[in-house]
J.: 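Take a look at the following structure, please.
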Amino acid sequence: MSRWTVLAIPVDGVNEMDRDARTLAQFDGSPEQAEAALLEAANTYEHKLWKVNRREIFKCSSRSYFLRIHGRMATYGFLLQLAELVHDTADPMTKTST
C-alpha cells in the first residue's frame, strides 16, 4: 500500500497571495483508491467560493485533472494532481519506484 497526496495547484484566477499549492488529502491506499480520491476532490473542491455555479473537470491523465470552478463573481482554475510517496528519509523501507 502506498502513501498518496492530492494537490490543488492554482493556475488561473487566483491572486498572488493564493498561488501556493494546497494539500487536499493525504492517505494510504492502492492506486485505484488514490485515483478515486482524486476524482472525488475534483467533484467537491470549492476553493473560496460560497457557491459553485458551474464546475468543469478536464481529465489530463489518470493522475491529474484540470478543474475550472465558476462562482457568481469569479472563475478559478486548478490543476489537481495525485502524488505518490516514493522516498522518505524518516522511513528507510520506502523504495524509489519509476
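Computed from a predicted structure; not experimentally measured. Count residues from 1 along the sequence. The figures here come from the full heavy-atom set of this structure, side chains too, leaving out hydrogens, waters and symmetry mates.
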J.: Can a donor-acceptor pair be found, under 3.5 Å and without considering hydrogens, that links the side chain of Gln33 to the backbone of Ser30?
T.: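 Answer holds: yes.
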J.: Please confirm whether the backbone N or O of Cys60 pairs with a side-chain atom of Ser64, one donor and one acceptor, at under 3.5 Å?
T.: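 No, Ser64 side chain to Cys60 backbone: no donor-acceptor pair under 3.5 Å.
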J.: Taking the side chain from Trp4 and the backbone from Leu85, do they hold a donor-acceptor pair closer than 3.5 Å?
T.: no
J.: State which residue, out of Asn43, Leu82, Leu79, Ile57, fulfils the side-chain contact (heavy atoms from CB on, under 4.5 Å) condition with Tyr65.
T.: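 Single pass found, and it is Ile57.
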J.: CG/Asn53 to NE2/His70 distance, rounded to the nearest 0.5 angstrom?
T.: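 It is 9.5 Å, given to the nearest 0.5 Å.
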J.: Kindly write out the residues that satisfy ring-ring contact (aromatic ring centres under 6.0 Å, His included) with Tyr45, not counting sequence neighbours, or none if the list is empty.
T.: Phe78
J.: For a 4.5 angstrom cut-off between non-hydrogen side-chain atoms, does Tyr76 reach Leu49?
T.: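 Yes, close enough: below the 4.5 Å cut-off.
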J.: Output all residues satisfying salt bridge (Lys or Arg N to Asp or Glu O under 4.0 Å) with Arg55, sequence neighbours left out; order by chain, then residue number.
T.: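 With sequence neighbours excluded, Arg55 shows a salt bridge (Lys or Arg N to Asp or Glu O under 4.0 Å) to no residue whatsoever.
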J.: Can you tell if the side chain of Arg22 reaches within under 4.5 Å of the side chain of His47, non-hydrogen atoms only?
T.: yes
J.: Would you compute the distance between atom CG of Leu24 and atom OG1 of Thr44 and round it to the nearest 0.5 angstrom?
T.: 8.0 Å
J.: Which atom pair, heavy atoms only, marks the closest approach of Ala42 to Leu67?
T.: O-CD1, 3.6 Å
J.: Are any of the side-chain nitrogens in Glu46 or Lys51 under 4.0 Å away from the carboxylate oxygens of its partner?
T.: no
J.: Let me see the working for Thr75 and Ile69 under side chain to side chain contact (heavy atoms under 4.5 Å, CB included), right down to the final yes or no.
T.: CA-CA 6 Å; Thr75 299; Ile69 50 178; over 6 Å; no
J.: Under the 3.5 angstrom rule, does the side chain of Thr23 hit a backbone N or O of Ala25 as a donor-acceptor pair?
T.: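 No; judged by distance alone, with no hydrogens or angles, the pair does not exist.
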J.: Going by the rule side chain to side chain contact (heavy atoms under 4.5 Å, CB included), which residues pair with Ala36 if we only count those two or more places apart in sequence or in a different chain?
T.: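 Checked Ala36 against side chain to side chain contact (heavy atoms under 4.5 Å, CB included); zero matches.
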J.: Find out whether Phe66 and Lys59 are in side-chain contact, i.e. whether some heavy atom of one side chain is under 4.5 Å from a heavy atom of the other.
T.: no
J.: As an exercise, state the distance from CZ of Arg63 to CD of Glu35, rounded to the nearest 0.5 Å.
T.: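 Going from CZ on Arg63 over to CD on Glu35, the span is 6.0 Å.
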J.: Can you name the closest pair of heavy atoms from Ser62 and Leu38 and give their distance?
T.: O-CD2, 3.9 Å
J.: I need the minimum non-hydrogen distance between Glu84 and Ser2, along with the two atoms involved.
T.: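 Where Glu84 meets Ser2 most closely, the heavy atoms are OE2-OG, 2.8 Å.
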